[in-house]
Asks: 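This is the structure I want to talk about, given as structure tokens.
So you know, we letter chains A, B, ... as the sequences are listed, proteins then strands, and number each from 1.
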Number of protein chains: 2
Amino acid sequence: MVKKARGAQRREESLSRDRIIEASIEILDSRGEDGLTFRALAERLATGPGAIYWHIANKSDLLTAACDAIVARTLEACVAGATPQATIRALALGMFDAIDAHPWVGSALTDAPGHLPIVRIFERIGQQVRALGAAEDTHWAVASALLSYVLGVGGQNAANGQLARTRGLDRSDFLETMSTAWSQLDPDEYPFARSVAEQLRDHDDRMDFLAGIDLILKGIDAKR
Amino acid sequence: MVKKARGAQRREESLSRDRIIEASIEILDSRGEDGLTFRALAERLATGPGAIYWHIANKSDLLTAACDAIVARTLEACVAGATPQATIRALALGMFDAIDAHPWVGSALTDAPGHLPIVRIFERIGQQVRALGAAEDTHWAVASALLSYVLGVGGQNAANGQLARTRGLDRSDFLETMSTAWSQLDPDEYPFARSVAEQLRDHDDRMDFLAGIDLILKGIDAKR
DNA sequence: ACCTGAACACCGTTCAAGT
DNA sequence: ACCTGAACACCGTTCAAGT
């Protein structure tokens, strides 16, 4: 019962799956995906690399578990809206912001199909799709489309943010640079990209993301 | 002018960026993303790992270049349909199939935001969005939504396929297994996933993908 | 200009040995 | 049961040295 209160150099709590996951999230957030190594993790936990394997199967397991922790918290924080549509928007936006804050979650989700974190999100979206009252046999396809959209756009946005950070730019500087590059593309080969270079400069990823969600929701509506 | 016709052990053509990319695609297709190493590539090209760095900046550059080669071919093979809607469907389906055939293209695309292959796809989709005749100031958001959807769903589908292959199952065995697992989920926590387990078993990823595209296209239509 | 291949600084993972 | 840390079999990348 009595914990050894002594030994400032030693760990205060014993190793556990949860502590390992917590430490992983901190490393992933501060040093990015490449920063998470078993050696770095072991050092932070004041142990050896081998010890971690007692609690975690391998690196992919570790990443999925860290990802699931973020997803679980995010979904918990999402409260239901007045309508299924509003709830779907809230869920989607919640995930978008979570992936933006933890870019590694984006790739972890795409690399873990069928795993717990994905099923969690799918379930929450699906319950709202059902509440929309669409035909039963379309539930799967509609929920899948929404899930894929959320993960797809969320991931792209996070990748963009990381690219900007890599180049040491903030969001608006980055958009400025990219917009300028696009406006100088070959007019014959890239007329469209050139023509939207302005919109690129001033756009708001978060709002565009929501616009896409609304597009899909409208599509569902139009189908009924 | 005269090529050395001799030396069966030696390379017939000298090293070039194109030959390196071609060999990379072959390795990626046959041995997967993890199979592509500079050592394996060097061996196939009958040279040393260092030689590759004369033509390629680094591994990320190599992956993007290989990805771009697939994308360029895929888009070239996509002929225009009777309507912008039909062309968008053809482009989307072409990319879906390409990512399905070359799963590594999915992750390469998500990891290379703003790079050539992405801009190529975006341009082609965008031209059709413009042809749809929607309001000019929505072009960016609509084209972005479509692009993200295509990459998102395509990537998810490819990841699923790889997961199935990892477990040594074919598509329908895999769906069978997953459907059964879902039907046994906790009814209180995962009511929706349980209820669509049947649809999961019989669904066709390709058709669901198209259904999502149509949903978005309908949403655009409803907005006008 | 282009290629060679040894060397460097890492990885994830295992496993005998300890407590 | 849980932890240690050296060791193994790899990586991507560099660079002096060659042609």
Asks: Between B:W54 and C:dC3, does any side-chain N or O lie under 4.0 Å from OP1 or OP2?
Replies: no
Asks: Is it true that A:E198 and A:R201 make a salt bridge, defined as a side-chain N closer than 4.0 Å to a carboxylate O?
Replies: yes
Asks: Nearest whole angstrom, please: distance from the P of C:dC11 to the CG of A:L62.
Replies: 15 Å
Asks: The side chain of B:S14 is closest to which nucleotide in this list: D:dT13, C:dC3, D:dC3?
Replies: C:dC3
Asks: Which listed nucleotide (C:dC8, D:dG5, D:dC2) is nearest to the side chain of B:R39?
Replies: C:dC8
Asks: Could you tell me how far apart A:K59 (NZ) and C:dG12 (P) are, to the nearest whole angstrom?
Replies: 4 Å
Asks: CG of A:D34: more than 12 outside heavy atoms within 6.0 angstrom?
Replies: no
Asks: Which nucleotide in the list D:dC3, C:dT13, D:dT13 gets nearest to the side chain of B:P49?
Replies: D:dT13
Asks: So A:L36, base contact, sugar-phosphate only, or nothing? Heavy-atom distance under 4.0 Å.
Replies: sugar-phosphate
Asks: Give the rounded distance in Å between these two atoms: CZ of B:R31 and C1' of D:dC10.
Replies: 14 Å
Asks: Charged N to carboxylate O under 4.0 angstrom, A:E76 versus A:R73?
Replies: no
Asks: For B:Y53 and D:dG12, give me the distance from atom OH to atom C1', rounded to whole Å.
Replies: 5 Å
Asks: Pick the nucleotide of DNA chain D nearest each of A:S16 and B:A57; which residue has the one closer to the 5' end?
Replies: A:S16
Asks: Compare the minimum distances between each of D:dC3, C:dG12, D:dC11 and the side chain of B:T37, then state the nucleotide with the smallest one.
Replies: D:dC11
Asks: Hunt down the Watson-Crick or G-U wobble partner of D:dC8, both distances under 3.5 Å, from any strand shown, or write none.
Replies: C:dG12
Asks: Can you tell me how far P of D:dG5 sits from CD of A:E43, to the nearest Å?
Replies: 13 Å
Asks: So, taking the atom named SG in B:C78 and the one named CG in B:L91, what distance separates them when rounded to the nearest 0.5 Å?
Replies: 5.0 Å
Asks: Report the distance from atom CD of B:E33 to atom P of D:dG12, rounded to the nearest whole Å.
Replies: 12 Å
Asks: What is the base-pairing partner of C:dT19, counting Watson-Crick and G-U wobble geometry with both distances under 3.5 Å?
Replies: D:dA1
Asks: Find the distance A:F38:CZ to D:dC11:C1' and express it as a whole number of Å.
Replies: 16 Å
Asks: Taking atom CD of A:E43 as the centre, report whether more than 12 heavy atoms of other residues, nucleotides or ligands fall under 6.0 Å from it.
Replies: no
Asks: Nearest whole angstrom, please: distance from the P of D:dC2 to the CZ of A:R17.
Replies: 14 Å
